[in-house]
Every structure is written in structure tokens, then in C-alpha cells.
Amino acid sequence: MATGWEDPFDSRAPLMGQSGGIGARNHYSRLMSDPFEYDDDDAWPGAPSGPAPAYPGPGGNAAAARAAAGPPKWLETLNEAQREAVLAVDGPVLVLAGAGTGKTRVLTTRLAQILHEGRARPYQILCVTFTNKAAREMRERVAGLVGPATEGMWLGTFHALGTRILRRHAELVGLKSNFTILDTDDQIRLLKQILEAERIDEKRWPARMLIHVIQRWKDKGLTPGKVDASDAGEVANGRAVAIYAQYQERLRTLNACDFGDLLLHNLTLFTEHPDVLQQYRNLFQYILVDEYQDTNISQYLWLRLLAKTDDPKRPANICCVGDDDQSIYGWRGAEVGNILRFEKDFPGARVIRLERNYRSTPNILGAASGLIAKNEGRLGKTLWTDLPEDGQKVRVRGLWDGDEEARVVGEEVEALQLKGYPLDEIAVLVRAGFQTREFEERMITLGVPYRVVGGPRFYEREEVRDAIAYLRVIAQPADDLAFERIVNKPTRGVGKTTMQSVHQAARLERLPLSIAARRMVETDELKPAARRSLTAILDDFDRWRQLSQGVDHIELTETVLDESGYTAMWKESKKPEAAGKLENLKELLVAMEEYEDLAQFLEHVSLVMDADDRGKGPMVSLMTLHSAKGLEFGTVFLPGWEEGLFPHQRAMDENGLAGLEEERRLAYVGITRARERCEISFAANRRIHGSWQAALPSRFIDELPGKHVEIEADRGVYAGSGGGAAEDRYGFMYGGGSGFGGGGYGGGAYGGRNSGGLRPGVPERGRDQGFSQGGGPGFQRLKSRGLGSRAPVIEGQAEYIGGDKQADWGEGERCFHQKFGPGTVIKVAGDRLTIEFDKAGTKTVVAAFVERPE
DNA sequence: TAGGGATTGTTTTTT
DNA sequence: ACAATCCCTA
């Protein structure tokens, strides 16, 4: 260590045997018993009283000179609280950053400040985010402030950073450093095998559910030995812990990790090898954590291990940024408690509140604040803004059913579009993924470009995963899961029975599948046909492995996909999605170019590779409230605010008040995404799982403070269809007038199969029953009058949007639509095509969305 | 071994 | 309604 400041992990120096004397060991032994005790009261070493000693900067003269040149200009544009958060670099700091208060700005500026002052080298900074996207943005923004000085910074997701560390020390936890990272699919397949061997009825204890249980344990930092037996209860006939242990065992033999392991093994590594922990503690002089409210316990423990300094006089330089009001991931193990107990963990911690909102109008802010105030157990913040204009009130609209709701939103979007309002400033945020569908269809018929954010991720698609599986087997012959996945895909006569015998042999000889298979084909154990097929594919793999030494990973992939018959399989397929799959395979090759070699690509594909965001041009965004966190839009539509859907019934059933409060935070997140316009809506009738359900307006609507909200009767929509009752209906709804449709039905919980239809009952909350109707005949009548039929509306508007261009299509021509599949054009009107789809029925769509068939 | 008919469940999502 | 998965038969 020449300078003492090099990152030992970036030089290829051997890692073990450094530091970690006896004194240190005692110190750690105390620690070792503690990290897994989440509830203990053990406190962190306190911050020293008085000003923290300036940390001796390693940056040398250049940094000193920069520091002497006066405060950097970026400080000038910060408000007081922000500046405080940026400058408080010594000691533990918790930044409570409300929505739209410039959180990212503070984080990035703080990083820049640390680098600028020469307090630490980039590699001495650990900065953790939750998503790759956040990490990328952060890096870009910091680079924008201080330039290339960010190189080498440990900036990434918990998992990416955990992986980086784990690869360095894999042997210490029984892995090899080239371990594979499994995704959910692989996990389930593996678990199924274990369940089968254990003779556990998969019907009664589905692998999906058990993997969830195991995951939850991992989230808590619990290895099989640490799980409290009573915690497992009756799950899997009381054998859940044993299964967990076996699962871990199998992972180890496969030289694989699931996502949870990436951190869990880090915890094991750090507690069992204090000298290793010591190195990282020495290394990381500053730790920054984004979205702290979303950390789970294992992440918390990881941070806690790393943040603790060996010198009790020196405080941990850890800065966590978060917002308890935006904690919406409790269901996947996030522990709001982490943020609530920060001051206890780090006595003397400074807590800085960012409350000045730069995003939304006073009305939007007021509505959101009023709503979130109904939650208990908050750290408490009061967002404020000094915008002079209150802006438009938050509009709440009650509508007849989901179709109408989608139509109204569609119309508004269209109106905004005509006014020249940029489409990418518009978002429709829904509670659950399936809700995007009706809006999608609406946008298609209107010809409004849209994008669904957060659909299936690119690398999760079947064809991409298959292709990757081939590569994984090439890179790692021991990768059984990958081998199994593609050994008979395309079908090549290596079926279940063959694989069963291979499995058996593999288990007996404790060999990886592909090795066992190689041995078997050299004997007479298999039937000749199976033996021939299996030999062929094994030879293929041998050949490809050879090839991988000679050519780059792109060429290799091309060859493999071609020679394996995989591409041919999709080319011959008649499935409507086949063309898209081939497209994705090409896309994969393009994506691979970003990586240097196969190993690097494989590393990133499971951790980092994002969904293809090749959406071009301005588009309306459709997404769930969860995926909207962190984003902002000029106009936000929030449909589906109905009891049972939002708040979601299951959230309440499974988590009671805590579940409800998380739903409320979700609503808060939704509203605070909007800068100037926020429109909430709910429908009286909604079709869920095929059957119509009457629904009550969400309780959250009641909770919105009246002075920031306007409840709107959307006349016109029903004019002439409901015998004049429509307008009254809405007046009554919130004004307490007389009823429509007789009321009396309600209870809008969405039940299962058997609750189909409407059931009599009294709304739970004793509210006015106004808006719940009985569906039935009246509803049918409405539908048949054309409320549900789209054609008249569409054609009327086609002229506005489509102009006079005649689409280049002829009637009777065959065509293909990304969403609806193949079909036949039956009518051409301007750029609108009416198409009879083979599967999806007859629809009118914009020609631009339609392609020629292959 | 493969493909078709029955069965089943259907919140949110990152890594 | 719908899709994914499972089981069974050809």
C-alpha cells in the first residue's frame, strides 16, 4: 500500500491477511453477536460534541487549492436546509426529504462537495441506491458537477455493490467468484425440485409461496440457522426451515446466488471475517443512502456494519436520505422502522428536514398533505411552497364505469394534446398493472402515443432468458438450471424421461447435469434416440465453448442461436408474438455490444440490464403508482379510486391498519407527482375478473381536504342516456340529494370467483350510499345506448388527429398489430383502420400502429 | 414427448 | 375475462 489511499480492491492485491489484529477481534466479537439482533438497543458510538474534526483530506494540493478558491457555485442555488444537508458531511445525518423538495439535488451536491473539498477519494465513497436508474442518474449528475472525479466511486444498488464485494471474497462463504445470479424463475424451478424430493404437496404449498417466505427471511438477514422455528409455523408441513436450508445447500453446489443472497452472504462474510469487514470500513469514509425508507433489515444491517468506525471518537459519516411518507414497499420487506429509528441508531445524528416543495401548486400540495396527515406514526413534515398562485384545485370525478372513466381521461388527454400540451408531461397512474389496459386501448383508438412503463423487463422475456441460458451453460458448464431450461428448447428429443435419468445420475455422482449427461451418453443407459439427441447438444456445447475462446460474445451468440435452432424455432412459429421475439433477440445482440465480454455481459444482465426504453417521441405515460415514485408530471390522472381497489382490499386484509396506511402513502405519492394538474376519478361500476362489481368511492376521497378539491359532476357524458338522472346523481353523491338506481347495494370489495355480481350489503363506513348502484338492467340499457361503443366518437375525431392522409392500406389486406396480433383490414378511413383481428375482435386503430405481416 | 383441454388464480416490484 | 400452468392422452 504505497499511499495508503488506494482502493485495495481495485488493485489486484491479495485481500486476506491484511489488518484485523487481536484488539480488533474483540471489538468485532461484540459486534458479531449483534447485527442479527435487530431489536436490541445497542447504540452507535455517538458523535463528538462540538464541531467534528475536519477529516484529513487525501486529495493533496489540488484539492486544497480548489477548496481555497472559495465555496463552489453549486451551493449558492440551494436553500438553507438543502445547504445544511450538503455541508453537514461529518457524522451521521438523516435527511427527511419530502416529495419534490430537491432530494436528488442534495445527494448529488453533497457527493460533489465531498469530492471537491478533497475529503475523500472517489473510491472511498459508498453511495447506495435502489434502482440502477437512480444510480445512473446520480452518477451523471455528480459528473455534471465535478467531472470525471467520480470515477471509481462505489455507487450502485445494494445488490450490485453487494455482488462486487462478494465476488472478491466468494470463497469465504463457500462460493466461487464466478457464481451465477439466479432470478425468480430459476429460484422457483430449483425449489420445485426440492419440494418434489421432499414429497411436499406442491398444491398445498406452492413453490411461489415458499420462495416468498424464504425471501422474506433473507430480507431480514436470517440464514436458515437463524430462523426462529416458530416463525415458520405450519408452512410446508413445518418443514419450511429445512427446505430453506436445502435450498441454500443446492445454491451453493450450483455456485449460485439468488438476489437475497447477494446481501445475506455479505453479512455472513462480514461477521465471520472481521478482517474483511475492517478493510471495507477503512475504505468507506463516507456513506450515502438514497430512499432510506425502503431499506429492508438485511440492507440496514449491511449499512450498519459498514458505517461503524473502529474509532469510537470518530462518528460514522453516514447520510441517509428518505421520506417516511413515501414508504410504499413494506410488502416486499422494506422496514419503515429503519428510518424511524435512525436517531437511536446514531446518537447525535443530525436530522434535517427538507420541506420546501418546488414541484406542485399549493392546491396539490394541500390536498396531498391533508391526506397524509391521516396517517399515524409519521416523523412529520409540513411541505410548503411560496408559489403565488394556488393553481387549479385537485379535481375529483365520479363516473359510471371503467369504460367511461377511460374515455373521459382519453378525451382530456386529447384536449390537452390539441392545445399543444406536451404528452410526456401527462401520466395516468393506476394502482394495479392490469388497470393500464383500458387506458391503453383508449389511447390506441384515439391515436395518442403512449408508453406503458414497467411492463415485463427486457431480460425477463422468455426468448431473452433462453438465449442467456445458452450462454450461461457455455460460460459455466455447472449451471444446471440454465442447462435444463434449454436442453430441449427447441425440442430435440431430450424430454422429461431422459432428463429424469440424467438427474438421477447427477445426484448420485454429485455432478452437474451437463457433466453427468456427458458420462451417460457414453454408456448404454439411455435409449438410442435419446442418447443420440443428447450427444448432439452436448457436442454443440463443447464446440461453442471452443468457439467462445476465439470469437467475441456477439458473434458467439449469433452462432449459438443459429446453430441451436433457436432462431429457427421462432421463425417457424405461428404464434402472434413470434415476430416480436425475434426482434427482441436482435435487440439483445445490440444490447450486448455495451459489454466487453461474455462474463461481463452475464454479470450485468441479471443485475443491471433495464427494460428497453426505446420509446421515441413524446408519449403519455401509463404506469402503476409504485413505478411512478420519483417521477413528476405536469398533469397526473389518478383513476380507480374505489374501495377495494384503492385502497386495495388485500392490502387491508393482510396488513390491517399498516396496510391501509401504506395505501394512503401510495395515494400521497400519486398526488405529489403532479406539478399543476391532478385529476382523481372513480367509477361506480367496475369489471373485475370478468364480472361487474359495484364500487364505493375510496375513503381517500373523503379524506382530501375540501378546500383544495373540487368534486365535479361530469354532465354531458350522461346527458340523454340516464333519463335526466345523471346530473342529480352526482350532485347527490356529495351533496346528499336523492338517489339514483335505488342504492342499497355496495360493499364494493372485490371478492373471488364466488362473489361475482352484486351482493346486498351496507357500505362499511356508514357513508351516504349514494353512489353505489345495483348495476343490472339500468346499466345494460346504458351500455346498449352506445356509451360503450366507440365507433361514433372515434370517427368524429379522426379528422382532427389524423389529418387528411389516407393510410397506405387496402381493404382485405392482412396486417399485424403489436398488441392485438394478426388481422384483416376491413375499412380504411383516413389514417384509421378498422381491423378484424384474428384473436382480439374488431377494432379501429391508427395505421401507424399496424405493420405488414412477415 | 407434445400439444390440447381443464384448472386455477388474478397488488404493488427491484434486484 | 384471461392467461398461465398442469395433467393427461394420443
Side-chain angles (χ1 to χ4, degrees), chain A residues 128-135 156-163 181-184 187-188 192 202-203 206-209 212 215 218-219 257-263 291 294-296 298-299 328-334 429-438 453-457 459-460 462 488-500 527 529-530 533 603-611 623-630 640 644-655 659 662-663 665-666 669-670 687-692 750-754 756 839-841:
Chain A
V128 200
T129 63
F130 268 83
T131 64
N132 293 303
K133 194 173 158 221
T157 63
F158 278 102
H159 294 88
L161 296 167
T163 307
I181 300 169
L182 303 185
D183 59 26
T184 322
Q187 291 178 50
I188 289 187
K192 275 186 178 164
E202 227 238 283
K203 281 274 156 53
R208 278 195 172 283
M209 182 201 157
H212 182 254
Q215 212 129 257
K218 291 190 175 181
D219 287 344
C257 283
D258 65 16
F259 283 115
D261 283 341
L262 296 175
L263 280 178
E291 307 280 17
D294 287 337
T295 49
N296 62 34
S298 122
Q299 289 159 341
I328 54 175
Y329 285 110
W331 52 273
R332 69 177 196 208
L429 309 182
V430 295
R431 175 63 180 83
F434 72 88
Q435 291 173 271
T436 56
R437 231 197 58 199
E438 43 193 347
V453 178
R457 252 138 276 289
Y459 72 86
E460 277 169 8
E462 182 191 7
N488 200 31
K489 199 168 179 185
T491 52
R492 45 174 77 91
V494 184
K496 219 180 187 172
T497 32
T498 310
M499 282 312 288
Q500 249 163 17
K527 292 199 192 121
S533 322
E603 167 90 10
H604 285 255
V605 80
S606 45
L607 277 177
V608 178
M609 218 165 106
D610 276 331
M623 68 186 104
T624 63
L625 288 160
H626 282 93
S627 9
K629 193 164 104 177
L645 184 58
F646 190 37
H648 200 281
Q649 193 60 48
R650 261 180 83 171
M652 297 186 289
D653 288 348
E654 286 169 18
N655 289 307
E662 184 155 310
E663 295 286 293
R665 290 194 290 269
L666 201 48
V669 166
R687 188 145 58 167
I688 295 278
H689 309 152
S691 64
W692 286 97
Y750 300 110
R753 192 171 298 285
N754 296 330
K839 293 260 168 60

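Proteins get letters first, then strands, A, B, ... in listed order; numbering begins at 1 in each.
- The side chain of A:Thr184 sits closest to B:dT15 out of B:dT11, B:dT13, B:dT15.
- If you check B:dT11, B:dT13, B:dT15 against the side chain of A:Arg431, the one that comes closest is B:dT11.
- Distance check, rounded to the nearest 0.5 Å: NZ of A:Lys133 to OG1 of A:Thr157 gives 14.5 Å.
- Across all strands shown, A:Gly454 has no heavy atoms under 4.0 Å from either base or sugar-phosphate atoms.
- In this entry the distance linking CZ of A:Phe434 with P of B:dT13 reads 12 Å, nearest Å.
- Backbone-only contact: A:Gly433 has heavy atoms under 4.0 Å from sugar-phosphate atoms and none from a base.
- Across all strands, A:Glu654 comes closer than 4.0 Å to base atoms (heavy-atom distances).
- Atom CD of A:Gln215 is separated from atom CG of A:Asp258 by 6.5 Å, given to the nearest 0.5 angstrom.
- For A:His648, whose side chain is taken as the heavy atoms from C-beta onward, the closest listed nucleotide among B:dT11, B:dT1, B:dT13 is B:dT11.
- Here A:Glu654 pairs with A:Arg650 under the salt bridge (charged side-chain N to carboxylate O under 4.0 Å, His left out) rule; sequence neighbours left out.
- Taking the side chain of A:Asn132 as heavy atoms from C-beta on, and the options B:dT15, B:dT12, B:dT1, the nearest nucleotide is B:dT15.
- Residues forming a ring-ring contact (aromatic ring centres under 6.0 Å, His included) with A:His626 (at least two apart in sequence, or on another chain): A:Tyr329, A:Trp331.
- For the pair A:Gly495 and A:Ala160, nearest-nucleotide mapping onto DNA chain B gives the more 5' position to A:Gly495.
- B:dT13 and C:dC2 have their C1' atoms separated by 22 Å, with the value rounded to a whole Å.
- Annotation: ring-ring contact (aromatic ring centres under 6.0 Å, His included) contacts of A:Phe158 (sequence neighbours excluded): A:Phe130, A:Trp302.
- In this structure A:Arg332 satisfies the side chain to side chain donor-acceptor pair (under 3.5 Å) test with no other residue, sequence neighbours excluded.
- Taking the 5.5 Å centre cut-off and the 30° plane limit, the aromatic side chain of A:His689 is classed as stacked on B:dT10.
- Rounded to the nearest 0.5 Å, atoms CD (A:Glu291) and OG1 (A:Thr131) are 8.0 Å apart.
- Between A:Glu663 and A:Met499, the residue anchored closer to the 5' end of DNA chain B is A:Met499, taking for each the nucleotide with the nearest heavy atom.
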Nucleotide N/O of nucleotides 3-5 of chain B paired with protein N/O under 3.5 Å:
none

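- A donor-acceptor pair is defined here as one N or O able to donate and one able to accept, closer than 3.5 Å; such a pair exists between the side chain of A:Glu662 and the backbone of A:Gly330.
- Heavy atoms of A:Asp258 sit nowhere under 4.0 angstrom from any nucleic acid atom.
- Here, C:dA3 and B:dT12 have their P atoms 15 Å apart, quoted to the whole Å.
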For nucleotides 5-7 of chain C, print each protein N/O atom paired with a nucleotide N/O atom at under 3.5 Å, atom names and distance only.
| from | atom 1 | to | atom 2 | distance (Å) |
| --- | --- | --- | --- | --- |
| C:dC6 | OP1 | A:Lys192 | NZ | 3.2 |
| C:dC7 | OP1 | A:Lys203 | NZ | 3.2 |

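- Counting all heavy atoms, side chain and backbone alike, A:Val494 lies closest to A:Ser533 at CG2-CB, 3.8 Å.
- Here the CD atom belonging to A:Gln649 is positioned 10.0 Å from the CD atom belonging to A:Glu663, to the nearest 0.5 angstrom.
- Note on A:Val453: nothing from the nucleic acid sits closer than 4.0 angstrom, heavy atoms only.
- The aromatic ring of A:Trp331 sits over the base of B:dT12, with ring centres less than 5.5 Å apart and planes tilted by under 30°.
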